[in-house]
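What you see is a predicted model, and the numbers here were worked out from it, not measured in a lab.
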Amino acid sequence: MSVTLTFEIAFASNFHVGAGYGRGFGLDSVLLREADGKPALRGSELAGLLRSSTYQLLKLPPLRRQPHDTSLLRLFGTPERAKRWHIASAHPATLQANDSQAVQRVRIDPRTRRAEPRKLFSQEEGRAGQIFRFSATCPQNDTTALDEAALLVAAARHTRAIGRARRRGLGACTIHLVDVSGLDVSLAENQSWEDWFLERFDQVWLHGSPAHPTAPEIKADIGRISGFEGEAVRVRLIVRLDEPLLIANHAPAGNQFDARTSIPGGTVLGVLANSAAQRCDLGTPNAYHDFIALFLRGGVVCPMLYPAFQHSNNLYPTIPAPLGLVTCSVVPFEGDNKGHGDGAYPALGLKECPTCHSRLEPVSGFTVLRRQAPFTHTPERSAELHIKVEEETQRVEKGQLYGYTVLDASQYFVGELLCASEDAWLRLQEMTGISEKTLLTWRMGKARRRGYGQVTAWLERCDDVPPIWVQLPLDARA
């Protein structure tokens with residue numbers, strides 16, 4: 001069972017956590033916001049701050065006897081070893097109609113005490129008094145997790161500022177633990193969870209030694225798949241993005257990652273395979289054979305998950321726009337706008353737009369499968385920038401600016417899982433812990449432990465209905 005800590009951030013001053021870009025001529029730097037307009041503190045920012053606070057704590061004389069690198073590794077991982085804790089993004093606890101203001105600033109020349117030329121800039125600052133909440137989750141709730149949680153709570157209480165110019169008055173805040181789930185409430189009887197964890201921090205980290213991490217408990221004891229005889233099983237898969245998702249396409253630069261507009265089937269199989277590897281002892285012959293048979297020998301196949309168009313309470317599947325269709329490059333066929341002429345044309349025999357004689361280009365995006373007139377749909381994406389701060393100097397490391405182009409949260413993707421037989425489908429559920437018609441929480445893609453990649457998945461059998469991308473049988477098509 002997992003343990004989840006819920007923290008509350010109370011801002012005592014204005015703050016600025018930028019998105020990395022401006023808005024028109026009025027703002028040079030805007031606040032980071034989600035697709036619905038709510039301000040957000042991304043999990044990568046919070047993880048970096050908590051890591052910095054932990055580093056400062058471990059430098060204090062009472063904690064110098066603790067192994068510095070090992071303690072940081074246990075909470076925040078390394079490029080070679082992923083951390084156990086998932087730091088989610090922070091969002092406002094209550095919504096405000098006017099949550100920010102535009103502020104202009106200048107740079108003063110220290111010699112002349114005058115504003116330097118071309119050094120006037122403006123930024124959007126969040127107003128003081130706002131309260132944000134975020135969670136930190138560990139998949140285990142053993143003694144090691146409790147010791148790590150105690151250090152995490154102490155690091156959160158040690159944090160005093162967030163965001164840009166936090167050493168010059170902006171971003172002053174306090175972080176408190178307000179709720180805990182996954183633990184027995186009798187542990188913190190007659191006191192708050194924050195006090196209980198701080199007492200544990202005093203006993204374990206200041207005057208004792210934290211427990212060493214142990215291998216996760218094997219939960220599934222399974223037999224061996226007898227074979228793949230029988231009819232294949234089709235399972236419809238619907239995925240909703242709870243957080244922005246980044247499944248990187250080829251990087252145009254070493255520090256820029258662009259998200260794919262669909263979810264590859266290999267990513268879904270990777271999520272299921274990772275779950276099976278954590279639940280089952282792959283050192284045993286039977287479990288290893290089943291794992292290979294399911295994920296490497298065709299026992300489970302997952303094609304691409306394409307974005308779904310949401311209208312009211314309905315989801316309509318989409319397919320990539322056919323490559324053989326072209327449209328006017330000046331007024332293209334896009335969304336529900338047909339563009340010039342009749343919208344899209346077969347590529348054969350046309351060299352220019354019949355209306356304006358402009359160049360023709362392929363139709364972009366995805367085609368929505370509805371009985372009404374066809375139109376295209378493109379998933380919403382956003383650009384976010386990140387930096388890496390050096391722990392010793394507390395300054396940005398040279399060359400450590402990188403950007404993500406992510407799929408926005410609250411979007412849906414639809415696809416199908418294909419199992420080779422009924423036996424394979426049953427064994428997949430046993431090994432991974434998934435079940436039909438149950439809300440499942442998965443994490444996929446890049447930075448999935450730092451505020452990205454959490455999704456909610458829904459599975460249901462669809463053996464008796466046509467595939468979602470087949471609207472008409474072949475003999476009924478014109």
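Listed for the R427 side chain is no donor-acceptor partner under 3.5 Å among the backbone atoms of A424. R33 contributes no side-chain N or O that, together with a main-chain N or O of A19, makes up a donor-acceptor pair within less than 3.5 Å. In terms of modelled atom types and a separation under 3.5 Å, the side chain of N14 and the main chain of L170 share no donor-acceptor contact. A donor-acceptor contact shorter than 3.5 Å is absent between the side chain of S275 and the backbone of V271. Under a 3.5 Å cut-off, the side chain of S13 and the backbone N or O of A172 do form a donor-acceptor pair. Judged by distance alone, with hydrogens and angles left aside, the side-chain atoms of Q411 form a donor-acceptor pair with the main-chain N or O of D408 at under 3.5 Å. Distance alone, capped at 3.5 Å, places no donor-acceptor pair between the H377 side chain and the P307 backbone. Of the possible polar contacts, one joining the Q130 side chain to the D99 backbone as a donor-acceptor pair under 3.5 Å is found. Not one N or O on the side chain of T432 forms a donor-acceptor pair closer than 3.5 Å with the backbone of A276. In this structure, the side chain of R160 does not engage the main chain of T174 through any donor-acceptor pair within 3.5 Å.
The shortest non-hydrogen separation linking A149 to L5 is CB-CD1, 3.8 Å. Nearest heavy-atom pair across P244 and V406 is CB-CG2, 3.8 Å. Scanning all heavy atoms of the two residues, the minimum distance from A150 to F201 falls at CB-N, 3.8 Å. Closest of all the heavy-atom pairs between F121 and V106 is CE2-N, 4.4 Å. When every heavy atom of D109 is checked against every heavy atom of R111, the shortest pair comes out as OD1-N, 2.8 Å. Closest heavy-atom contact between A409 and E243: CB-C, 3.9 Å.
Taking CD of Q203 as the start and CG of L206 as the end, the distance is 10.0 Å to the nearest 0.5 Å. To the nearest 0.5 Å, atoms SG (C138) and CH2 (W85) are separated by 5.0 Å. The line from CD of Q429 to CG of L459 is 8.5 Å long, rounded to the nearest 0.5 Å. Taking CZ of R200 as the start and CH2 of W205 as the end, the distance is 11.0 Å to the nearest 0.5 Å. Separation of atoms CG (D147) and CZ (F197) is listed at 9.5 Å; rounding is to 0.5 Å. Rounded to the nearest 0.5 angstrom, R381 CZ and D258 CG are separated by 6.0 Å.
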Step-by-step side chain to side chain contact (heavy atoms under 4.5 Å, CB included) determination, T378 to T261: CA-CA 8 Å; T378 302; T261 54; 5.5 Å; no
List the steps and the verdict of side chain to side chain contact (heavy atoms under 4.5 Å, CB included) for W458 and L439. CA-CA 6 Å; W458 177 267; L439 292 179; 3.7 Å; yes
Might you work through the side chain to side chain contact (heavy atoms under 4.5 Å, CB included) test for Y55 and L50, ending with a clear yes or no? CA-CA 8 Å; Y55 177 85; L50 292 174; over 6 Å; no
Could you walk me through whether H86 and R448 pass side chain to side chain contact (heavy atoms under 4.5 Å, CB included), step by step? CA-CA 8 Å; H86 302 265; R448 59 185 179 272; 5.6 Å; no
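A heavy-atom distance below 4.5 Å is found between the side chains of L146 and L183. For the pair I162/V17, a side-chain contact is recorded, criterion being any heavy-atom separation below 4.5 Å from C-beta on. Side-chain contact check for L27 versus Q123: every heavy-atom pair is 4.5 Å or farther apart. Residues S135 and F7 form no side-chain contact, since every pair of their non-hydrogen atoms from C-beta on lies 4.5 Å or further apart. Residues M431 and D290 have side chains in contact (heavy-atom distance under 4.5 Å, counting atoms from C-beta outward). Side-chain contact check for L41 versus F134: every heavy-atom pair is 4.5 Å or farther apart. T405 places a side-chain heavy atom less than 4.5 Å from the side chain of Q256. Residues L417 and V300 form a side-chain contact, since some pair of their non-hydrogen atoms from C-beta on lies under 4.5 Å apart.
In summary, the side chains of N286 and T284 do not present any donor paired with an acceptor at a separation below 3.5 Å, with no hydrogens or angles considered. No side-chain N or O of Q96 forms a donor-acceptor pair with one of R127 less than 3.5 Å apart. Counted by atom type alone, S100 and E124 present one or more donor-acceptor pairs between their side chains at under 3.5 Å. Side-chain polar atoms of S53 and T159 form a donor-acceptor pair below 3.5 angstrom.
Only one option out of V268, T456, N274 pairs with W442 in a side-chain contact (heavy atoms from CB on, under 4.5 Å); it is V268. Checked against F413 for a side-chain contact (heavy atoms from CB on, under 4.5 Å), the options L407, T318, L315 give a single hit: L407. Screening H16, R23, R164 for a side-chain hydrogen bond (donor to acceptor under 3.5 Å, both in side chains) with S29, the sole residue that qualifies is H16.
Between R157 and E194, at least one side-chain nitrogen of the basic residue sits less than 4.0 Å from a carboxylate oxygen of the acidic one, meeting the salt-bridge criterion. Between K437 and E460 there is no salt bridge, since no side-chain nitrogen of the basic residue lies less than 4.0 Å from a carboxylate oxygen of the acidic one. For the pair R461 and E436, the salt-bridge criterion is not met [side-chain N within less than 4.0 Å of a carboxylate O]. Using a 4.0 Å cut-off between charged nitrogen and carboxylate oxygen, R105 and E125 count as a salt-bridge pair.
Shown here is Q101, whose CD atom has more than 12 heavy atoms of other residues, nucleotides or ligands within 6.0 Å. Counting heavy atoms of neighbouring residues, nucleotides and ligands inside a 6.0 Å radius, atom OH of Y288 does not exceed 12 of them. Heavy atoms of other residues, nucleotides or ligands lying less than 6.0 angstrom from CZ of R167 number more than 12.
For the salt bridge (Lys or Arg N to Asp or Glu O under 4.0 Å) test, residues two or more places apart in sequence or in another chain that qualify with D242 are R240. By the ring-ring contact (aromatic ring centres under 6.0 Å, His included) test, F295 is found to be paired with F291, residues two or more places apart in sequence or in another chain being considered.
Separation of the H386 and Y404 ring centroids falls under the 6.0 Å cut-off. The distance between the ring centers of Y412 and F309 does not fall below 6.0 angstrom.
Relative to the ring axis of Y452, R42 places its NZ or CZ within 45° and under 6.0 Å from the centre.
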